[in-house]
Amino acid sequence: QVQLVESGGGLAQAGGSLRLSCAASGRTFSTSAMGWFRQAPGKEREFVAGIRWSAASKIYTDSVKGRFTISRDNGKNTVYLQMNSLKPEDTAVYFCAAARLGLLTTVASSYDYWGQGTQVTVSS
């Protein structure tokens, strides 16, 4: 079992930065692939970024490449999403997710555990 708690969301201006954190509890964190997803009002949940347990592999959706960076600290059981050059279209609730078997994927149904989400609002 892995429990996830996100933090770091808030209000930012376009061009600004925010860093999201996801604190995990549970023995399997260090071997889990971790992902960040987001969901804007009236839209489906979409993949943002993912990282394997070793941090050797990372994937991003095209719209955030070059602006967002995912990282993890297995010693602190925490995964981060550094978001730079924010745009109004980045406004959404951001969710952290863990895939127990360590499979790095963009598919939401492949993740076993989810946090409650944190709101990110970017003003123009």
Side-chain angles (χ1 to χ4, degrees):
Q1 187 82 8
V2 177
Q3 296 176 329
L4 306 171
V5 178
E6 302 97 334
S7 61
L11 177 65
Q13 291 188 333
S17 299
L18 286 172
R19 188 176 82 153
L20 305 183
S21 298
C22 174
S25 61
R27 294 179 298 171
T28 59
F29 173 79
S30 61
T31 58
S32 299
M34 301 296 296
W36 285 97
F37 289 76
R38 65 187 179 187
Q39 188 166 18
K43 294 188 177 181
E44 294 186 354
R45 189 170 299 189
E46 67 168 345
F47 173 81
V48 176
I51 186 168
R52 285 199 66 189
W53 68 272
S54 65
S57 296
K58 304 175 184 180
I59 54 175
Y60 300 91
T61 192
D62 286 346
S63 62
V64 307
K65 284 180 181 177
R67 301 189 298 122
F68 291 11
T69 302
I70 189 171
S71 62
R72 67 189 295 166
D73 185 334
N74 288 341
K76 295 182 178 180
N77 282 4
T78 302
V79 63
Y80 305 96
L81 186 67
Q82 178 67 44
M83 305 186 295
N84 299 328
S85 301
L86 283 164
K87 303 176 180 180
E89 51 263 43
D90 294 319
T91 295
V93 177
Y94 283 70
F95 298 89
C96 173
R100 186 177 65 246
L101 296 180
L103 177 65
L104 184 57
T105 174
T106 64
V107 179
S109 60
S110 296
Y111 289 81
D112 304 289
Y113 308 105
W114 291 83
Q116 82 290 348
T118 185
Q119 176 70 47
V120 170
T121 302
V122 183
S123 62
S124 58

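Numbering of residues begins at 1 and proceeds along the displayed sequence. The analysis underlying the following values was restricted to heavy atoms, covering all of them including side chains, and did not include hydrogens, waters or symmetry mates.
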May I ask whether [X] and [Y] are part of the same hydrophobic cluster, defined by side-chain heavy atoms of I, L, V, M, F, W, Y residues being less than 4.5 angstrom apart, directly or through others?
| X | Y | value |
| --- | --- | --- |
| F47 | Y60 | no |
| M83 | V64 | yes |
| V48 | L20 | yes |
| L4 | L81 | yes |
| V120 | I70 | yes |

Please round to the nearest 0.5 Å and tell me the distance separating atom [atom1] of [X] and atom [atom2] of [Y].
| X | Y | atom1 | atom2 | value |
| --- | --- | --- | --- | --- |
| I59 | R52 | CD1 | CZ | 11.0 Å |
| Q82 | S21 | CD | OG | 9.5 Å |
| Y113 | S25 | OH | OG | 10.5 Å |
| Q39 | E46 | CD | CD | 9.5 Å |
| S32 | L104 | OG | CG | 12.0 Å |
| E89 | S63 | CD | OG | 8.5 Å |

Please confirm whether the backbone N or O of [Y] pairs with a side-chain atom of [X], one donor and one acceptor, at under 3.5 Å?
| X | Y | answer |
| --- | --- | --- |
| T91 | V122 | yes |
| Q116 | V5 | no |
| Q13 | S123 | no |
| Y94 | E6 | no |

Query raised in the report: Within a reach of under 6.0 Å around CD of Q119, are more than 12 heavy atoms found that belong to other residues, nucleotides or ligands?
Result: yes
**Report entry** Criterion side-chain hydrogen bond (donor to acceptor under 3.5 Å, both in side chains) against R38, the qualifying member of D90, T61, T118
**Finding:** D90
Closest heavy-atom contact between [X] and [Y]?
| X | Y | value |
| --- | --- | --- |
| L86 | A12 | CD1-CB, 3.8 Å |
| P88 | A14 | CD-CB, 4.1 Å |
| Y111 | M34 | CE2-C, 4.0 Å |
| A108 | W114 | O-CZ2, 3.4 Å |

Report task. For the residue pair W36 and F68, establish whether any side-chain heavy-atom pair is separated by less than 4.5 Å. Result -> no
Report task. Using the side-chain contact (heavy atoms from CB on, under 4.5 Å) rule, take Y80 and D73 through it: C-alpha gap first, then chi angles, then the decisive distance, then the call. Result -> CA-CA 8 Å; Y80 305 96; D73 185 334; 4.2 Å; yes
Report task. I would like to know whether R100 and V2 meet side-chain contact (heavy atoms from CB on, under 4.5 Å); could you show each step before the answer? Result -> CA-CA 8 Å; R100 186 177 65 246; V2 177; over 6 Å; no
Query raised in the report: With sequence neighbours excluded, what pairs up with S110 under the side-chain contact (heavy atoms from CB on, under 4.5 Å) test?
Result: T105, V107
